[in-house]
Amino acid sequence: MRLMRALVTLAVLLTAWHALVWATGLPRFILPGPLAVADALQRNAGLLAQHAATTLSEILVGLALGVLLGTASAILLASVRGARRWLMPLLVVSQAIPVFALAPLLVLWLGYGMASKIAMATLVIYFPVTTALFDGLRRTEPGWLDLARTMGASGASTLWHIRLPAALPALASGIRVAAAVAPIGAVIGEWVGSSSGLGYLMLHANARMQVDLLFAALFVLGAFAVALYAATDALLRRALPWLPDSHAFDEKD
Amino acid sequence: MRLMRALVTLAVLLTAWHALVWATGLPRFILPGPLAVADALQRNAGLLAQHAATTLSEILVGLALGVLLGTASAILLASVRGARRWLMPLLVVSQAIPVFALAPLLVLWLGYGMASKIAMATLVIYFPVTTALFDGLRRTEPGWLDLARTMGASGASTLWHIRLPAALPALASGIRVAAAVAPIGAVIGEWVGSSSGLGYLMLHANARMQVDLLFAALFVLGAFAVALYAATDALLRRALPWLPDSHAFDEKD
Amino acid sequence: AQDKLTVLLDWFVNPDHAPLVVAKEMGFFKDAGLDVELVAPADPNDPPKLVAAGKAELAVSYQPQLQVQVGEGLPLVRVGTLVSTPLNSLVVLADGPVKSVKDLKGRKVGFSVGGFEDALLGAMLEKAGLSLKDVTLVNVNFSLSPSILSGQVDAVIGAFRNFELNQMAIEKHPGRAFYPEEEGVPAYDELILVANKAQTNDPRLPKFLAAVERAVLYILNHPEEAHAAFTKGRPELNDELNRRAWADTLPRFSHSPAALDAARYARFATFLKARGLIKEALPVDAYAVTLK
Amino acid sequence: MHARVLPAGVPAPVSVTIASARLTYGGAPLFEDLSLRLEPAAVTCLLGPSGVGKTTLLRLIAGLTDLEPPTTVTAGDGLPLAGRVAYMAQQDLLLPWLSVLDNVLLGAKLRGERRSPALVDEAHGLLERVGLPGRAGDRPAALSGGQRQRVALARTLVERRPVVLMDEPFSALDAITRLRLQELAAELLAGRTVLLVTHDPLEALRIGHFVHVMSGGPAVVGAALEPPGVPPRAPDDAAVLAMQGELLRRLAG
Amino acid sequence: MHARVLPAGVPAPVSVTIASARLTYGGAPLFEDLSLRLEPAAVTCLLGPSGVGKTTLLRLIAGLTDLEPPTTVTAGDGLPLAGRVAYMAQQDLLLPWLSVLDNVLLGAKLRGERRSPALVDEAHGLLERVGLPGRAGDRPAALSGGQRQRVALARTLVERRPVVLMDEPFSALDAITRLRLQELAAELLAGRTVLLVTHDPLEALRIGHFVHVMSGGPAVVGAALEPPGVPPRAPDDAAVLAMQGELLRRLAG
Ligand SMILES: Nc1ncnc2c1ncn2[C@@H]1O[C@H](COP(=O)(O)OP(=O)(O)OP(=O)(O)O)[C@@H](O)[C@H]1O
Ligand SMILES: Nc1ncnc2c1ncn2[C@@H]1O[C@H](COP(=O)(O)OP(=O)(O)OP(=O)(O)O)[C@@H](O)[C@H]1O
Ligand SMILES: [Mg+2]
Ligand SMILES: [Mg+2]
């Protein structure tokens, strides 16, 4: 049932895309039609699969690292008053720095291998996770904090047993955003310099005006994003069963 | 007091930066020291101000549009069951599409003027706002919904008077992220095509190896991000006075 | 034992890099006792920085950029030449209204920021009796051909004659190129190899250049086999566009990669100084050498 | 709605009959074949041990849970109950972002009704009568537990519904305030069909026309006690005190 | 802590004295120069109109509000009170993500104490005695209001604190359960210094050694009523009933 709905969704989107191309008469090198892309997808299946594997592993490692680091930073921010003052501005600035300014530094320190790409993906994922969790940690029900205080809980214990679980819904929200932006993080990482990955393939295809291949790669990337988002959403809702939730991403009919 | 703390923070960060450059012996063309950047900042003040003005207006308009569109989308997602199924995957995909693939399309439709940059900034801001608010809307206290139901509220009225206010803290969280990523959105927009703005200036400086100018522009961009984040944070907390908040960004001593 | 050598390309692998790729694929480097790794960055401005920082031995760069970078104090020297003519050109639609550089007056010119497009265009415009003030420059980043094909700009500067022209032809909108060296800009080497100034007596470098020279000659003598070697394992490089670009690039490879025309560099330095891109024209031997 | 067409906001009295009610949580029936009739224009009180299912039954009548077959809930006039029930839940469910006055007037706002000066006056009057004069502008967070409960009571009373369901409406009030508010409720709810859950036998006997005890597992509702006289009876009414023994016996069941 | 060094978890009795207590909300004093002494090893009951400041006073003793000078809160043994107070708030404050058992054992978890089988047995025993056998594994969301309150009670009783503050601990319970739990509390709290806020005069007279009424604005605490006999007194104890009139008179002010 859900699979069927997904297929219908896909079909409608493809038709809309086709109609758009057809109606606006956009040239192939600006926006190829779905048929051309499907053709490119099929012709380059092997190539795409190979580059997709690279990108996927970057995404997954980046997501894991970003979530870990983000969680750690948010906890640090929430628990150490000093950290808040010093780290937060730094964090915010980190989001405003375009990759090409950092690229030589990253390459110098991490080389041209996987590490620099993962670092970029991590950086992209890091911020939404950190702010979302930090925001959640800021907003613990005061009654619970009072309770913990009278029970003689240390700050660390309150954080771990009360504030953190209470902020998990906010963290989940951040992770959902992170899951959706993780693919672009990996692709940006590949701009730092690489010889494989979907980002590499896309830049390449773009420069060579192989626009149908570019869109085929985009399609794969989009599929990753949706799959990752849906998986994360399902997982998170399973992990937080006590949460009220009126609309799930994969709701039943 | 707060100003002084901000200045101290800045001073310490600059010292740390200086120490990093000094200790690692990084060459000037990879990471210039703060003194070189300060010098460039001062020498190019006029140039920077002029480009910064462009970027700032893009950021502000993009932020306003992104927040508006994101709020509207989240409300649509939360209220119309169909929208959830169709729009959510589309939204997620939109986050995974690297800008250069969209650039020709955007430019074709919006031209090389301000519009395409604002569109990019909007696109970057849109998603965190949408998911954060949507997540908030999903999590309304069920008792309030029951109350609204017995009071004979329509779905729209419940959304407007109960679910939306209850989700404002989540929206605030999204807007905070948006404020921090807005500058990079504008800069990405400027890469797509432009003849002014900090992003343009940075590309130029990068190509001409004027690394100190590049970092001076980065510095301005970072300052924008921090200022925007702090302003948004202060504004949001003023707008949501009923929220528990243990750590404000600009907390008093 | 093989000596490891890291070479940073200026961009993703493309036919401009044929001699390097072929030398690697055909084992010429190995024959010279070198284990060469070719690394492709996404930003052409990074490789010179990284070589200057000692992260790699060699980088593929451009003569004008080198002269600007040296002016900014980067410790770099040219040690070899890959493509010994300019590739950069000003391109318009063949059937468009712009028949000569003069016709650009009041029009939009797209460019992908390389750092000296304005200098190039300025010189070309001045020869035609115009100036930079008569056109609007728009950064279109990596979308040179699409921006001109879709009519967003009337011309692009920074288009490679071996590439963008073919691209446009394939899209059935052939372009017309104005060549800088015919429009008032001194000739220069488009693609060169740069090394760190402190490393000019690295014994691996002459061996490397010898292998590159061998590859250039091999490409000239055996174009079919060379092309097969070039596309081996890179199927995305074996399409119509890349095949055409391959053919157009072949005659432009320097037949003598190690050779240096110092007068040409001096001439171009004067040009750059006149356009305000460098403060002073350094002596050529400060940044370009012939290895012994 | 009935409430609208009658003058002076007095709704037409209507009886409510719950028949063959059945409700299961995780397989085990909470109640089965339970029936209860609410006489028109009378106050029916419901007592019973904690956890027996009183709140669940109220929610069922309020239309807040899906009816498990063969449950039926019917109004005496044959029309649907929806839109004619006011429900005061066990928690106060005040909206933290609204002032006390706005919380009281929430129903009108949710139904998009004009906020007439008469309505506002009525709300102010009610707030005064529940003992909160001058607190109309405060946020709920500044109220004590009992004050919050009184605001919730005012919110329920201001609704002109023919059927009123109240779940322990006076549980957080001191004895004196409680007596006063019992009288207020009896006065304002005269002519309406009321089901009031309480744990206080005296309270039930004071203001109930009919007093039922719910007990057992699966739970059933016992026959009504009908204290003589017109509520609100005096706290030291002899009949009330006499019946208290019988009621306590039933409760001890 | 005292509780640790005494055998069998019986803490040494300690008196608590509140003197010259002063608390202002927004300029207006809620109470001023208020004093109250909690006798060691006795149950002191506090009654008073809703909103008079009972909860505020409890929070002050629990150390949850900053003391406004010249307020002093001192223990009879001269040692600080912090860490020796158990506080049962007016809201149940159960953590939704923990099972009932884990909520009961929250204090031990927060203090990082080992969860000994003896402790778990004690928690199970308490849950059984508050009438929730077999519910140890449930989430709080599956409990009725009264059941939640009983879990909070068990959580307070399992803490071995010499001073116990309880804010309307039985307000959501039916008469029968309430009597049973009053007895349970009286039994388990024997030897501890207890301050119990309640709205039920009979309850106060049944289980209190001392019964105070708080009233007025700024509020003061009146002299103690001392019902004769040893609590828990029988509900129909003649002395209790005799004193009820006096207490009600004091409450009516
Ligand atoms: N944050 C606050 N700001 C302003 N006033 C407050 C605040 N918190 C409490 N108050 C006021 O202080 C007074 C005392 O509140 P408190 O909760 O102590 O009352 P209480 O005696 O426990 O009442 P109840 O029996 O209803 O629980 C109330 O009138 C309340 O409105
Ligand atoms: N979501 C749920 N899942 C499982 N059991 C539930 C759920 N909600 C309520 N129950 C159970 O249903 C029973 C009845 O609950 P209800 O709230 O109706 O009791 P009540 O009579 O109102 O009690 P109280 O006087 O304590 O408020 C309780 O035993 C409770 O544990
Ligand atoms: Mg209940
Ligand atoms: Mg209170």
**Message:** By the salt bridge (Lys or Arg N to Asp or Glu O under 4.0 Å) test, which pairs, at least two apart or in different chains, include something from residues 210-228 of chain B?
**Reply:** B:R43-B:D212
**Item:** Top contributor to chain A contacts, counting heavy-atom pairs under 4.5 Å, from B:A225, B:A179, B:P183
**Value:** B:A225
**Item:** The single option from A:V220, A:L228, A:V226 passing side chain to side chain contact (heavy atoms under 4.5 Å, CB included) against A:F224
**Value:** A:V220
**Request:** Side chain from CB out, backbone as N, CA, C, O: work out which of these in B:L221 comes under 4.5 Å of a heavy atom of chain A, or both, or neither.
**Result:** both
**Prompt:** Should the pair A:F127 and B:Y229 be assigned to parallel (<30°), tilted (30 to 60°) or perpendicular (>60°) ring geometry?
**Reply:** perpendicular
**Message:** What's the separation between atom CG in B:L164 and atom CG in B:L133, rounded to the nearest 0.5 Å?
**Reply:** 6.0 Å
**Pairs of heavy atoms under 4.5 Å with chain A: top-ranked of B:A132, B:G174, B:P169, B:A217** = B:P169
